[in-house]
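One-based numbering, in listed order, for ligands and for the atoms of each. Note that these values count all heavy atoms, side chains included, but never hydrogens, waters or copies made by symmetry.
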Amino acid sequence: MYRTTGIYIKNNKISKYKEIVDAGVPEVVYIPLDRHVGAPAKPVVSKGAEVKIGTLVAKADETLSVNVYSSVAGKVVETDDKLITIKTSEDIYEKSIDTSEGIITEIPDSKTLILEKIRKAGIVGMGGAGFPAAVKLDIPETCKIECLVINGLEGEPYFTADNRLMVEKAEEIVIGARIINKLLGIQNAIIAVDEENKDAVKALVGVTKRYIGVNVKAVKNKYPTAAETQLIKKLFNVEIPKTKLTRDFGYIVHNVGTVYSIYNAVMKNKPLYERIVTVSGDAADNPQNFLVRAGTPASYLANKAGSIDNARLLICGGVMMGTEISDVNTPISLLDGGLLMFKKAKKDTEASPCIRCGRCSQNCPVHLQPFEIADRLKIGDTPKLYKLRPSDCINCGICSYLCPAKIPLLDFIKMAKEQIR
Ligand code: SF4
Ligand code: SF4
């Protein structure tokens with residue numbers, strides 16, 4: 001069972017009111033093939049191939065894998081198992097993509113067609129999970145879905161990308177919800193929004209008045225409410241046991257960015273090759289929300305919000321769940337909601353020994369003992385490590401955040417998960 005507690009964390013949503021701007025096209029993109037949960041996609045283009053925006057560059061290799069599309073027009077300069085490198089040229093789109101500005105409201109009748117469009121477009125869970133959306137929406141007959149929950153809570157302290165998406169693309173999101181409603185045979189979607197994000201609530205409520213079957217719920221965002229099971233507990237007071245899926249209890253949860261991508265795939269034939277990314281942190285002179293092509297190097301994006309030379313610490317993803325990067329060419333993937341730049345490197349605040357205060361274990365939403373996992377990992381006690389269940393960790397980062405000794409517990413737990421695997 002999950003705890004119902006969670007913590008209130010200090011928000012730094014300094015880019016909250018910044019409109020989405022196009023980050024543009026870097027000289028080179030490095031498109032990742034392995035950021036989703038399943039096997040890496042298999043390249044279908046070779047060195048020297050000319051591609052357009054929306055060209056299929058790698059094919060799903062098994063059920064949990066997804067198709068990968070080019071985010072730019074240009075020439076392929078290198079391919080390997082993990083990346084396709086493309087030197088960019090002037091934007092040219094695949095003819096099949098509808099690039100018009102207008103909003104399309106008429107949803108296709110065929111559920112098979114809708115699901116196939118989502119599958120073909122390579123849509124993954126954009127809240128960071130990377131689970132293929134088509135697999136999640138292919139519901140077995142034994143499951144009766146009652147409600148679609150759209151997660152717009154965006155728990156990471158600096159992130160504002162989803163908030164801006166809800167403000168600026170409210171109608172597309174609501175239509176995206178209706179597409180999923182149709183697929184699931186229901187008329188009951190709830191968009192959960194942080195009550196602090198009043199502009200997003202207002203935009204969505206305004207649109208839902210014109211569409212049946214989609215409602216907005218403003219909730220207090222206690223971290224990690226944005227995690228699926230915590231959100232279901234918050235909204236319906238239903239506990240989802242670890243051994244079960246939300247669909248076993250009648251709920252399907254999708255991130256708001258995923259729903260927007262589903263709208264684009266079904267109504268505009270647009271595969272997934274770009275997303276909204278917040279670039280923020282104290283080293284960013286102008287924190288902003290950017291529309292970013294998949295594979296854009298972190299350095300290019302950081303320089304759009306300031307100067308990468310001012311940053312001694314770069315984090316891809318958020319301060320709670322993200323990963324520190326040392327290679328400034330690390331590509332931004334479709335799962336990264338933010339790139340954070342800080343003036344102070346982590347080694348400036350070195351960890352001290354554990355004082356056994358218990359804050360990490362008392363506040364872990366899935367009842368783990370992070371300090372014990374870190375200790376067992378350090379001495380290589382794999383049998384005990386296995387019993388401590390690091391694979392149950394939902395990567396929320398609360399343990400690292402609360403630790404007074406500044407021990408990077410989440411990093412240890414990620415390593416422990418690898419070791420168990
Ligand atoms: S990161 Fe994992 S171990 Fe740490 S508090 Fe969150 S769920 Fe628990
Ligand atoms: S929070 Fe940090 S200091 Fe406290 S028990 Fe956990 S690891 Fe040790």
* Nearest-contact summary for atom 2 (Fe) of ligand 1 - protein heavy atom, Å -> C393 SG, 2.3 Å
* Which of the ligand 1 atoms, numbered from 1, are nearer than 4.0 Å to a heavy atom of G397 -> 1 (S), 6 (Fe)
* **For ligand 1, the portion of V366 having any non-hydrogen atom under 4.0 Å away** => side chain
* Asked: From atom 4 (Fe) of ligand 2, how many protein N/O/S atoms are found at a distance short of 2.8 Å?
  -> 1
* To do: List the atom of N67, the atom of R119, and the distance in Å for their closest heavy-atom pair.
  => ND2-O, 4.3 Å
* **Atom of F342, atom of A283 and distance for their closest heavy-atom approach** => C-CB, 3.7 Å
* Asked: Any side-chain donor paired with an acceptor under 3.5 Å for K18 and N286?
  -> yes
* From SG (C143) to CG (L245), nearest 0.5 Å -> 7.5 Å
Could you go through residues 178-193 and list every donor-acceptor pair under 3.5 Å that involves a side-chain atom there, pairing it with any protein atom two or more places apart or in another chain?
{"from": "R178", "atom 1": "NH1", "to": "I212", "atom 2": "O", "distance (Å)": "2.7"}
{"from": "N181", "atom 1": "ND2", "to": "G213", "atom 2": "O", "distance (Å)": "3.1"}
{"from": "K182", "atom 1": "NZ", "to": "P108", "atom 2": "O", "distance (Å)": "3.3"}
{"from": "K182", "atom 1": "NZ", "to": "D109", "atom 2": "OD1", "distance (Å)": "3.2"}
{"from": "N188", "atom 1": "ND2", "to": "E146", "atom 2": "O", "distance (Å)": "3.2"}

* Structure fact -> Tightest non-hydrogen contact, residues P26 and T88, listed as O-OG1, 2.7 Å
* Test N395 against K417 for side-chain hydrogen bond (donor to acceptor under 3.5 Å, both in side chains), laying out the working first. => CA-CA 11 Å; N395 291 348; K417 279 186 191 179; 2.9 Å; yes
* Structure fact -> The atoms of ligand 1 lying under 4.0 Å from a heavy atom of I413, numbered in the order shown, are 3 (S)
* Structure fact -> Which of K217, K220, K234 passes salt bridge (Lys or Arg N to Asp or Glu O under 4.0 Å) with E195? Answer is K220
* Does ligand 1 have any atom sitting under 4.0 Å from a heavy atom of L410? -> yes
* Asked: Can you tell me which residue and heavy atom of the protein come closest to atom 6 (Fe) of ligand 1, and the distance to 0.1 Å?
  -> C396 SG, 2.3 Å
* Can you tell me which residue and heavy atom of the protein come closest to atom 8 (Fe) of ligand 1, and the distance to 0.1 Å? -> C364 SG, 2.4 Å
* To do: Could you walk me through whether T160 and E154 pass side-chain hydrogen bond (donor to acceptor under 3.5 Å, both in side chains), step by step?
  => CA-CA 7 Å; T160 56; E154 204 167 38; 5.8 Å; no
* To do: Tell me, please, if C399 has any N/O/S atom, main chain or side chain, under 2.8 Å from atom 8 (Fe) of ligand 1?
  => no
* **Side chain, backbone, both or neither: the part of D392 lying under 4.0 Å from ligand 1 by heavy atom** => neither
* Just by distance, with hydrogens left out, do Y251 and E228 show a side-chain donor and acceptor under 3.5 Å apart? -> no
